[in-house]
A.B. asks: 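Sharing a structure with you now.
All ligand and atom numbering here is 1-based and tracks the order in the structure.
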Amino acid sequence: MAQRIRKTTVALIRELRQPRIWVKELSPGARSRLLKHFLALEPSDRLLRFGSHLSDESITRYVEGINFERDTVFGVYNSRLRLMGVGHLTFAPSEKSAIAGATLKARVAEFGVSVDASARGLGVGSRLFQRASMRCRNADIDTLYMHCLSSNKVMLHIARKAGMEIHRDYGESDAYLKILPADASSVMQEALAEQAAMLDYTFKSNLRLLLRAVARLTGTGRRK
Ligand SMILES: CC(C)(COP(=O)(O)OP(=O)(O)OC[C@H]1O[C@@H](n2cnc3c(N)ncnc32)[C@H](O)[C@@H]1OP(=O)(O)O)[C@@H](O)C(=O)NCCC(=O)NCCS
């Protein structure tokens with residue numbers, strides 16, 4: 001028992017020491033930050049992310065409608081706790097999905113991702129994608145699906161790099177990733193990744209509170 005605890009602690013410390021992008025699973029409390037993230041996307045990015053030019057009102061409805069019990073939403077925070085990247089993993093019964101024939105499992109997963117323009121090219125999108133496939137693996141899902149425009153070179157590059165099979169059709173592309181079955185190490189890896197992201201989040205929010213308190217005490221805070 002003591003050896004297992006030591007091994008887990010060592011693995012967690014190793015995970016934390018790596019210069020990493022921390023991907024955290026989000027809860028309904030993150031809705032206002034999610035809304036800010038999506039509203040900051042340029043019209044062309046909204047088209048790439050949602051497949052149509054969503055208005056601010058439609059984006060607000062989309063964020064209000066996210067079902068955190070059924071789906072999983074992942075986020076990458078910056079030091080000011082702004083969401084720099086968001087990945088939305090939706091689960092649906094296979095027989096009702098567009099890829100019904102692709103799996104024998106009861107459910108399939110679909111992934112949508114967006115990264116703030118200021119944080120692109122740093123690996124955030126790829127990390128969100130890896131985290132989503134890890135969740136699928138441990139949730140007994142064997143097919144991860146992504147739908148994007150064929151002109152979306154960056155997303156198709158990420159998909160190809162992850163080993164996804166890509167089908168093109170009339171300017172649109174469907175990408176599928178076959179996921180390996182879970183094992184003890186994949187479950188442990190996911191638990192560690194979540195723990196590390198939680199520690200990172202707690203550290204950033206405590207630091208923020210501390211800096212605000214110092215600013216109030218010294219009168220150097222931003223005036224509203
Ligand atoms: C697609 C998106 C999520 C990528 O996020 P990101 O954080 O910039 O992605 P990463 O930094 O992890 O990876 C970008 C990769 O694309 C490559 N890339 C960049 N421009 C490219 C281009 N024009 N053609 C091909 N590959 C390109 C980069 O070299 C990098 O590859 P590498 O890791 O092998 O070096 C982001 O651009 C975005 O939010 N776009 C708008 C919304 C969208 O398209 N969503 C996807 C549809 S669901």
A.B. asks: Atoms of ligand 1 less than 4.0 Å from Leu122 heavy atoms?
C.D. replies: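 In order of number, 11 (O).
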A.B. asks: Could you pull out, from Gly87, Gly121, Gly125, the option with a heavy atom nearest to atom 8 (O) of ligand 1?
C.D. replies: Gly121
A.B. asks: Using a 3.5 Å distance criterion without hydrogens, assess whether the side chain of Arg131 forms a donor-acceptor pair with backbone atoms of Phe74.
C.D. replies: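 Here the side-chain-to-backbone pair does not exist.
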A.B. asks: What is the closest protein heavy atom to atom 33 (O) of ligand 1, and at what distance does it sit?
C.D. replies: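 Of the protein heavy atoms, Lys161 NZ, 2.6 Å lies nearest.
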A.B. asks: Considering heavy atoms of the protein only, find what lies nearest to atom 9 (O) of ligand 1 and give residue, atom and distance to 0.1 Å.
C.D. replies: Ile158 CD1, 3.6 Å
A.B. asks: Got the closest protein heavy atom to atom 11 (O) of ligand 1, with its distance?
C.D. replies: Gly123 N, 2.8 Å
A.B. asks: Among all protein heavy atoms in this structure, tell me which lies nearest to atom 12 (O) of ligand 1, with the distance rounded to 0.1 Å.
C.D. replies: Ser126 OG, 2.6 Å
A.B. asks: Quick one: does Arg49 get an N or O within less than 3.5 Å of an N or O on ligand 1?
C.D. replies: no
A.B. asks: If you measure from atom 24 (N) of ligand 1 to every heavy atom of Arg127, Lys153, His157, Arg46, which option wins on shortest distance?
C.D. replies: Lys153
A.B. asks: Side-chain contact test, heavy atoms from C-beta onward, threshold under 4.5 Å: evaluate it for Lys161 versus Phe129 and give yes or no.
C.D. replies: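 Side-chain contact under 4.5 Å: no.
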A.B. asks: Please check if the side chain of Thr202 supplies one atom and the backbone of Met198 the other of a donor-acceptor pair under 3.5 Å.
C.D. replies: yes
A.B. asks: What is the nearest protein non-hydrogen atom to atom 45 (N) of ligand 1, stated with its residue, atom name and distance?
C.D. replies: Val113 O, 2.8 Å
A.B. asks: Which of the listed options, Asn152, Val154, Val115, Val124, holds the heavy atom that is closest to atom 27 (C) of ligand 1?
C.D. replies: Val154
A.B. asks: Compare all side-chain heavy atoms of Leu26 with those of Tyr77 and state whether any distance is below 4.5 angstrom.
C.D. replies: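 Side chain of Leu26 against side chain of Tyr77, heavy atoms only: contact under 4.5 Å found.
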A.B. asks: Of all the non-hydrogen atoms in the protein, which one sits nearest to atom 1 (C) of ligand 1, and at what distance?
C.D. replies: Met155 SD, 3.8 Å
A.B. asks: Please test Leu83 against Val76 for side chain to side chain contact (heavy atoms under 4.5 Å, CB included), starting from the C-alpha separation and ending with a verdict.
C.D. replies: CA-CA 6 Å; Leu83 278 171; Val76 172; 6.0 Å; no
A.B. asks: Does a sphere of radius 6.0 Å around CZ in Phe68 hold more than 12 heavy atoms from other residues, nucleotides or ligands, not counting ones at 6.0 Å or beyond?
C.D. replies: yes
A.B. asks: Would you tell me whether Lys105 and Thr143 have side-chain atoms, one donor and one acceptor, within less than 3.5 Å of each other?
C.D. replies: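 Judged by distance alone, the side chains do not pair up.
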A.B. asks: Just by distance, with hydrogens left out, do Asp174 and His167 show a side-chain donor and acceptor under 3.5 Å apart?
C.D. replies: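 Judged by distance alone, the side chains do not pair up.
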A.B. asks: Looking at ligand 1, does any of its N/O atoms fall within less than 3.5 Å of an N/O of Cys148?
C.D. replies: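 Between Cys148 and ligand 1 (N or O atoms, distance only) the closest approach is not under 3.5 Å.
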A.B. asks: Could you tell me whether the side chains of His88 and Asp71 share a donor-acceptor contact shorter than 3.5 Å?
C.D. replies: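 Yes, because at least one side-chain N or O of His88 sits under 3.5 Å from a partner of the opposite role on Asp71.
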A.B. asks: To the nearest 0.1 Å, how far is atom 38 (C) of ligand 1 from its closest protein heavy atom, and which atom is that?
C.D. replies: Arg120 NE, 3.5 Å
A.B. asks: In the complex you have, is atom 35 (O) of ligand 1 within reach of the protein, judged by whether a heavy-atom distance drops under 4.0 Å?
C.D. replies: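 Flag for atom 35 (O) of ligand 1 set to false, no protein heavy atom closer than 4.0 Å.
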A.B. asks: Considering heavy atoms of the protein only, find what lies nearest to atom 47 (C) of ligand 1 and give residue, atom and distance to 0.1 Å.
C.D. replies: Leu48 O, 3.4 Å
A.B. asks: Run the numbers on Glu172 and His147 for side chain to side chain donor-acceptor pair (under 3.5 Å), then give the verdict.
C.D. replies: CA-CA 7 Å; Glu172 309 209 338; His147 181 82; 2.7 Å; yes
